[in-house]
Amino acid sequence: AGADNKLADNCHYWIGESFYGMKKYDEALKHFETVLGYQGSGKRPFAQLMIGNSYAALGDKAAARDAYQKVISTYPTSELVEKARAKMDRMK
């Protein structure tokens, strides 16, 4: 079961990406939120960024901004911080 748990976060992340690609943003959000529940998952910063992208696509700028801000505050060393900042800047 150990290997399954290691893959579960990755599976949820890519299922979320698939729903996002199909413009099913509410479904995508569920999977990205699930990834955040996996402590120590390397996919968490990516899921957090995609939560922002999903809310932005749904037209919820406030929720998108909050999600991008969490990328910056929760994962300050992530390479995604610059992307999150750029997306926030474009929303102003």
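For G42 against D9, the heavy-atom pair with the smallest separation is N-OD2, 4.3 Å. Listed here is the closest heavy atom pair of G16 and A28: O-CB, 3.4 Å. Across all non-hydrogen atoms, the minimal contact from I72 to A84 is CG1-CB, 4.1 Å. Taking every heavy atom of both residues into account, A47 and L36 meet most closely at CB-CD2, 4.2 Å. The nearest pair of heavy atoms linking V35 to R44 is O-CG, 3.6 Å. Contact between A56 and M91 at its shortest, heavy atoms only, is CB-CE, 4.5 Å.
Classification of the F32-Y13 ring pair by plane angle, with boundaries at 30° and 60°, yields tilted.
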Trace of the side-chain contact (heavy atoms from CB on, under 4.5 Å) decision for H12 with Y38: CA-CA 10 Å; H12 279 290; Y38 289 96; 3.8 Å; yes
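Within the 4.5 Å cutoff, no side-chain heavy atoms of I15 are placed close to those of T34. Inter-residue side-chain proximity for K43 and W14 is flagged as met; some heavy-atom pair is nearer than 4.5 Å.
Side chains of Y25 and N53: no donor on one and acceptor on the other come within 3.5 Å.
Here the straight-line distance linking atom OH of Y20 with atom CG of L29 works out to 10.0 Å at 0.5 Å rounding. Rounded to the nearest 0.5 angstrom, Q69 CD and T74 OG1 are separated by 9.0 Å. Atom OG of residue S54 and atom NZ of residue K23 lie 11.5 Å apart, to the nearest 0.5 angstrom.
Between E27 and K30, at least one side-chain N (NZ, or NE/NH1/NH2) sits under 4.0 Å from a carboxylate O, which counts as a salt bridge.
The backbone N or O of A67 lies less than 3.5 Å from a partner atom in the side chain of Q48, making a donor-acceptor pair.
In the hydrophobic clustering of ILVMFWY residues, with side-chain heavy atoms under 4.5 Å counting as a link, F19 and L58 come out apart.
Results of the side chain to side chain contact (heavy atoms under 4.5 Å, CB included) test with Y68 over I51, L80, V81, L49 single out L49 as the only residue that passes.
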